[in-house]
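Just so it is clear: chains get the letters A, B, ... in the order the sequence lines come, proteins before strands, and each one is counted from 1.
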Amino acid sequence: MSKITSLPEAIRQHVYTGDLVYASGFTHLIPFAAGHEIIRQGLKDLTLARATPDLIYDQMVAAGCARKLIFSYIGNPGVGSLHRIRAALESGQLEWEEYSHFGMISRLQAGASGLPFMPMNPSGAADLAERNPCYQQVTDPYSGRAVVVVPPLTPDIAIIHAQRADALGNAQIWGILGEQQLAAFASQRVILTVEEIVDETIIRADPNRTIIPGMVVDAVCHVPFCAHPSYTQGYYDRDNEFYLAWDKLSKTPQGAQEYLDAWVFGLPDRAAYWEKLGSETHRRLEAGEHFSQPVNYGAY
Amino acid sequence: MSKITSLPEAIRQHVYTGDLVYASGFTHLIPFAAGHEIIRQGLKDLTLARATPDLIYDQMVAAGCARKLIFSYIGNPGVGSLHRIRAALESGQLEWEEYSHFGMISRLQAGASGLPFMPMNPSGAADLAERNPCYQQVTDPYSGRAVVVVPPLTPDIAIIHAQRADALGNAQIWGILGEQQLAAFASQRVILTVEEIVDETIIRADPNRTIIPGMVVDAVCHVPFCAHPSYTQGYYDRDNEFYLAWDKLSKTPQGAQEYLDAWVFGLPDRAAYWEKLGSETHRRLEAGEHFSQPVNYGAY
Amino acid sequence: MDELPYNAQELMVVNAARLLKDHDVVFVGVGIPNLACNLAMRTHAPNLQMIYEAGVIGAQPARLPLSIGDPTLVTGATAVCSMYDIFSLYLQRGNVDVGFLGGAQIDQFGNINATVIGDYDHPKVRLPGSGGSMEIAAWANRCYIITPHQKRRFPARVDFHTSAGFLTGGDARTKTGVRGGGPQAVVTNLGILQPDESGELVLAAIHPGVVFEEVQENTGWTLKQALNCQVTTPPTEMELQILREKLDPNRIYI
Amino acid sequence: MDELPYNAQELMVVNAARLLKDHDVVFVGVGIPNLACNLAMRTHAPNLQMIYEAGVIGAQPARLPLSIGDPTLVTGATAVCSMYDIFSLYLQRGNVDVGFLGGAQIDQFGNINATVIGDYDHPKVRLPGSGGSMEIAAWANRCYIITPHQKRRFPARVDFHTSAGFLTGGDARTKTGVRGGGPQAVVTNLGILQPDESGELVLAAIHPGVVFEEVQENTGWTLKQALNCQVTTPPTEMELQILREKLDPNRIYI
């Protein structure tokens, strides 16, 4: 049974006011189109979780979607600050819960594995654990030492972008894997966006490349260029110019709002967004070709 | 700097009397040739760890290499008992330490991750944990419940078979992954055997397929057909006839000894072993072709 | 049962297959459970998904797999993952509907022994041990056991708890915090045992031509009969044909 | 330094590069650390291995990477793994020799603050936070910090411990059970600070043309000078040529 649906429909069906949302992707495969659709649909009171909030959450915070942020690094990668998030945190308008990367990812690992907690090694830097009550300690029964642990993170909804999937949601990803798989397994519901929907024979020709199985996926949305200004390995490049531009235009709430008006509220969907970017940008972001070689699985 | 060496040399350099050995592979990629070389070199007093000891450890136990077995399932997969191991356990000649699969693999996960222990969920079946003092409990700080934990397993030496690697030991595996990666990271030293040594450009053309990085590998040995009577996905089939034959011939110590005399002590290496199997067996085990399709990583 | 147009293995496979539902995600072993799954897929459960503890998801084996890690399970599968991931992301996270279990002993409360006969430290018979079954029994939504019905296989109490059924009955299982519902049926060549509300295995169905006394004689405790004890529908011609012609033409398991 | 034939960034990159050893496995960020690694690979450390917290091992970027997850890091890399794996299998298991760290504040004992200026709950300036640095500082064998030398960046005590240096000095770090050796050098545009046996950062080397007083003026505690305080060798023509022509021809970071 096909799970293919439009992105607006998938957001309507699976994302609710007050949800804990994990829109995944470590610099790679960030599902910007889904974030924009959440903004367009006016969802509020969301708890936004991501190791690296990136521009997608800066925009969602600017649009007033978020009540709380769970994160481990709030920077514009390679550029500087996330101004809207930073302003919201400094002014006390946004609740937050903060981890190191390994703490954040360990929470997802526990959530994805159905385990009660994950242990971590001592870091020597105790300030964060003292400020965040989710960090707890147990006594290592083997050494007698205190071990810091974090509890499972089980988002209501994960949004995952992938290079390709079949209609059932069996998804293949290459390039940086980030926390995509853990976010999918940890979450109660999963929306998958993909550059290409392929026949299941393509997936089955290389089962080791399947990162997320259809059984945990609720909706499959065909959204080419979903990740722009982030990128999809082998499909298009990261639009670093936009990351620099956002740094400037998001310095004021007005600047961010003007962007949202023009590029989110003013457009119906990702196809219109991509069109509006224009052919020069399209050309600038072309990925070029560098192919892997086929491997033989054998016919048995 | 190339790490390529012969298998006998690798065993001589990296495996010592009394070592804790993890010769990895879940039904797939079991490094039989390395086990045979260990037998030939007369290593003793080994602690043999494997989730599934399989025929390779049955043979090593029959040859007197082992002092102790760490395992989670001692069967001849799809056939029945491992007679030599079973006899050694029943007669008290072999020490043992036993887990469920998840307990065993959780020990490797802790060892590979440098973590002090791994938590597990309740199983309701307490008898094994009561018999094995490595199973301990901590109190879950979030729920107040008791949580079973297992300590890291950090073998002295892992032996890993892979489809291919470059001269530095960057190894790619497809098909069943088992615990290969965890065993490599958990162990102090790693011997890698491969069907093919390839140029690093082949590895670099598909970095997502690399399971084991050269930085944890000590020796790379080119050993075609290393896994027979187990198999290498895409290279040759599992020799089920031999698994059935071993069931019969290993029923007595004499039967096993005769096999070892003819197929291990009586042969210099894996090339001679493969030759001795004969062309009819070679044909019977041919893998056929079923190729994956190339994916584009992009040229950036 | 010599006069019947099917043998004991076929009878068990067919009855096990009927317990599976369409869209079930099944943690499956080789042999009889594999045949039951494939039979269900070809009859009433075309969307059944088979996953293997070796880390294979959505297998479509082109031949009868002869071991749990047969390469034919991988070629054409939907996904392959590591052993740690199959037990954590799939099984423990709650993504497995059905687990098949087996063992040398199954007791009155569905507990299974696959570890030792006799004393653990000085075993009379050393069996294979848990493998995946300790966690499958605990974490799959429901479990099924397929086994020949013999008195030595059905003692009142197992010598060793390799995997948990309903332990000592009542709420003993629930109190341990395991996620799964436990053994929901034991399919034998004589009938089907199912747990009553206290977790005790009772005779829920009997195969055609079998009488209660025969089942009792082969069971190590005083067997109760369910109030609504059924007689199973005999294997149909279609079921037998698929089994014999498509699934196991060389009669390896049937 | 206007008369010098190199700028402050170049000076820092060159001195950082010289701290790397051949065969080092380096957890590397973008910008200056990335340039330092690439410079080392092209001079004295051809077998250096670069790994990125995004999960890329053995990167051979064809262009200057502009973010830690730039696609050019992946194409042609040796291996790619998940974020959980890069922090567990690689970093915590002890496979990383060198980590590069940065932050808004570095204190007398090499502790780093990249979290907040002011009070955590009501921050004057909210900074990015730890990212990977809490664990890199703890678990890499040795760490290096590259930063401009300004008094506000070098307070006696950090406002917040984002990652651990030598904490309060003495055996304070060791007692926490962290694996790595901690910050081994802070490379600035004025010189190089290194921990003495108590973990206090002292001036271990000074760049040509810089005087001690200038360093002290830009440091928030009474700076000690190592007994054998060196003057660094100026960047060589070859080092500068590689940097300017090969590594950052568009002068993005230098």
Side-chain angles (χ1 to χ4, degrees), chain B residues 1-3 106 108-118 152-155 158 162 164-173 177 179-188 190 198-218 295-300, chain D residues 22-27 30 45-52 54-67 69-98 135-136 138-141 176-180:
Chain B
M1 287 188 319
S2 167
K3 295 170 185 165
S106 292
L108 277 183
Q109 173 80 18
S113 303
L115 289 171
F117 57 79
M118 282 295 291
L153 183 67
T154 53
R164 65 189 185 194
D166 62 23
L168 297 173
N170 296 296
Q172 299 191 328
I173 293 177
L177 301 174
E179 77 285 56
Q180 305 275 62
Q181 185 182 45
L182 295 183
F185 277 97
S187 298
Q188 308 301 313
V190 175
V198 295
D199 190 81
E200 70 170 284
T201 55
I202 301 284
I203 302 295
R204 289 182 182 274
D206 200 355
N208 282 90
R209 223 185 273 286
T210 306
I211 303 292
I212 296 167
M215 69 176 79
V216 302
V217 172
D218 295 278
V295 301
N296 186 19
Y297 277 85
Y300 296 95
Chain D
D22 201 12
H23 295 285
D24 269 346
V25 176
V26 187
F27 221 85
V30 291
N47 299 294
L48 192 92
Q49 281 196 72
M50 293 195 287
I51 74 178
Y52 292 82
V56 180
I57 296 101
Q60 289 187 336
R63 68 182 184 201
L64 190 64
L66 294 177
S67 90
D70 193 306
T72 194
L73 297 173
V74 168
T75 302
T78 305
V80 174
C81 70
S82 74
M83 217 172 151
Y84 188 80
D85 285 352
I86 201 84
F87 278 100
S88 56
L89 304 181
Y90 286 83
L91 180 61
Q92 295 205 130
R93 183 64 178 106
N95 289 312
V96 173
D97 297 304
V98 175
E135 277 84 19
I136 296 171
W139 292 85
N141 292 344
T176 64
V178 303
R179 180 186 177 284

Side-chain ion pair, B:D166 and B:R204, N-O less than 4.0 Å | no

So, for D:R93 and B:F185, which heavy atoms are closest and what is the spacing to 0.1 Å?
-> NE-O, 2.7 Å

Report the option among D:W139, D:F87, D:Y90 that has the most heavy-atom pairs separated by less than 4.5 Å from atoms of chain B.
-> D:Y90

Which residue out of D:V25, D:L73, D:T72 racks up the most heavy-atom pairs below 4.5 Å with chain B?
-> D:T72

Given that the side chain runs from C-beta out, which part of D:Y84 has a heavy atom under 4.5 Å from chain B: side chain, backbone, both or neither?
-> side chain

Give a yes or no on whether the backbone of B:G298 and the side-chain of D:T75 come within a donor-acceptor separation of less than 3.5 Å.
-> yes

Under 4.5 Å to a heavy atom of chain D? For B:I212 that would be neither

Measure B:A112 against the heavy atoms of chain D and call it side chain, backbone, both or neither at under 4.5 Å.
-> both

Highest number of heavy-atom pairs under 4.5 Å with chain D among B:A184, B:G114, B:P207 belongs to B:P207

Just wondering, do B:I203 and B:T210 contact through their side chains at under 4.5 Å, heavy atoms?
-> yes

Do B:T201 and B:D199 have a side chain donor and acceptor closer than 3.5 Å?
-> yes

Where does D:I86 contact chain B at under 4.5 Å (heavy atoms): side chain, backbone, both or neither?
-> neither

Checking B:Q172 against chain D: side chain, backbone, both or neither under 4.5 Å from a heavy atom?
-> neither

Quick one: of D:N95, D:L91, D:I57, D:V56, who has the most non-hydrogen atom pairs under 4.5 Å with chain B?
-> D:N95

Max heavy-atom pairs within cutoff under 4.5 Å with chain D, candidates B:N208, B:T154, B:N170, goes to B:N208

Side chain, backbone, both or neither: which part of D:V74 has a non-hydrogen atom closer than 4.5 Å to chain B?
-> both

Pick one of side chain, backbone, both or neither for D:L89, based on which atoms fall under 4.5 Å of a heavy atom in chain B.
-> both

State, with a plain yes or no, whether a side-chain heavy atom of B:P152 is found less than 4.5 Å away from one of B:L115.
-> no

Smallest heavy-atom separation, B:K3 atom then B:L168 atom, equals NZ-O, 3.2 Å

Taking every heavy atom of D:R63 against every heavy atom of D:P71, the minimum-distance pair comes out as NH2-CG, 3.9 Å

